[in-house]
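The structure presented is a predicted model; accordingly, all values stated were derived computationally and were not measured. Just so it is clear, the values below take in all heavy atoms, side chains as well, and ignore hydrogens, waters and symmetry mates.
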There are 2 protein chains.
Amino acid sequence: MRTYGQYCAVAKALDVLGDRWTLLIVRELLLSGTARYTDLRNGLPGIATNLLAERLRELESAGVVLREEAPPPIATTVFRLTPRGEQLRPLLDELGRWGIPYMTEGPAEGDLFREQWMAWPAELFLTDSHPEGPPVSIELHAAESPLVIETADGEVHVRRGRATNPDVVLRGAPHPILGLFSGQMGLEEARGLGVEVEGDAAALERVLPAAPVLVPPGASESRP
Amino acid sequence: MRTYGQYCAVAKALDVLGDRWTLLIVRELLLSGTARYTDLRNGLPGIATNLLAERLRELESAGVVLREEAPPPIATTVFRLTPRGEQLRPLLDELGRWGIPYMTEGPAEGDLFREQWMAWPAELFLTDSHPEGPPVSIELHAAESPLVIETADGEVHVRRGRATNPDVVLRGAPHPILGLFSGQMGLEEARGLGVEVEGDAAALERVLPAAPVLVPPGASESRP
DNA sequence: CCGCATCCGGGGCGATACTG
DNA sequence: CAGTATCGCCCCGGATGCGG
């Protein structure tokens, strides 16, 4: 493990987490709960397989990741975060919050996308405007595998998978969906960009922001 | 700029911040407010000068760092964070919080230390147990350049420099000072490890935690 | 198919020297 | 003081192989 050699809390944290791909592996485990090696590879497009194996070993010996041999009939190894690893959630939330402006600008050329990455924008932007009402569940299809957005106790939660009986199903490309979530775009405008709303649109509007959320510009200021 | 190529807020943030040394440069600027190139080098022992220059350029073009030509008679360039860079403070706080356990274990062999790095443990551990009383100021000498710990409105703040009229002056090695701050170590025990308290010890005890703060173990679980 | 290990080319990184 | 220049080295990325 390459170390900064500084007796400083921030530097020590980066000694463990600062290598390339490391925090993205933590992201995937936070989003998945448990994941197989192949699931991680799929959620981390671009990673070299030897790097994934090496990072998992490092995170394991740092007490952040746990490797478990699943019992039959699964018969595969699954990875999950330790409690110490779970403590990284606020850190990843801050990273996501700071990175949101780069997302609202739309995907860059060649950017890949996985449905679960929408979890940060969703939990950041969406709020339950009618918390005393019955819970709503929204199924989101922005890529290949759906996401469920649910309200509970006035809070909005996101998880992977399908809803048993969704109030509304939302389909569309990530960027217009994000515009909808951030309030930068109205429902009609989103429809014009291919977003489809199937079911009870009121359930959707209940969690959408009433006014555009102020997102600081993320792009660079150009220099002479 | 090397990018992960993922349309994800966390990945986008790491595209900007994930390179080696980058977040430590932000740390120094958060701690210093403004800093000259040489100040940054001093606060980042181990960094190669070309890397510091390159990172500063990247951070500048990312809108995180501002480079200013100070007017005469200073006649030097100073660096500071933009508002966008200031927004990284919660992120660095989370990094510091997560890294604290590695600090309480004591410095590793060859670890270097700078006084200002004590800011995170201090603001994390210390609280004003008597907020309605008059403000107290504590001057801390754990290395070469002193730190001031002050209470204001029931909050504890840390800044570089000296106090005009400190209630108490605290001197000692970083590790026992940290033990004191985290409540793992009593005042008498700290004295035995070379910590000196000069002035009103009650002012110090006012901000120290009454009971040991629970710090999760940071060390790795050893494997077979 | 799953979970890697190995090999190899390129570039980011680290250390030192040098300069306006 | 504030960098640029240079040069190894090792980390990273991509491809392939391979045992369970």
- [ ] Could you tell me whether the phosphate oxygens of C/dG3, OP1 or OP2, come under 4.0 Å of any side-chain nitrogen or oxygen in A/T77?
- [x] yes
TODO: Verify the neighbour count for atom CZ of A/R41: are there more than 12 heavy atoms of other residues, nucleotides or ligands below 6.0 Å?
DONE: no
Open item on the list: Could you check whether any side-chain N or O of B/Y7 sits under 3.5 Å from a backbone N or O of A/A108, counting only pairs where one atom can act as donor and the other as acceptor?
Closed with: no
Open item on the list: Can you build the contact string for nucleotides 8-20 of chain D? Use B for base contact, S for sugar-phosphate-only contact, and - for no protein heavy atom under 4.0 Å.
Closed with: ----SBBBB----
Task: Whole-Å gap separating P (C/dT16) and CG (B/L52) - done: 17 Å
Open item on the list: Please verify the inter-ring angle class for A/Y37 with A/F79; under 30° counts as parallel, over 60° as perpendicular, anything in between as tilted.
Closed with: tilted
Task: Point-to-point distance, once rounded to the nearest 0.5 Å, from CZ of A/R171 to CD of A/E198 - done: 5.5 Å
Task: Main-chain N/O of B/V16 paired with B/E58 side-chain donor or acceptor, under 3.5 Å - done: no
Open item on the list: Check B/R57 with B/E54, please: is the shortest side-chain N to carboxylate O separation under 4.0 Å?
Closed with: no
TODO: Flag yes if more than 12 heavy atoms outside B/R97 fall under 6.0 Å of its CZ atom; otherwise flag no.
DONE: no
Task: Pairwise distance CH2(B/W117) to CE(B/M103) - rounded to 0.5 angstrom - done: 8.5 Å
Task: Of residues 33-43 of chain B, the positions that come close to DNA chain D - non-hydrogen atoms, cut-off under 4.0 Å - done: B/R36, B/Y37, B/T38
TODO: Specify the separation, in whole Å, of atom CG of B/L56 and atom P of D/dC1.
DONE: 16 Å
Task: N/O (side chain, A/R57) to phosphate O (OP1/OP2, C/dG3) under 4.0 Å - done: no
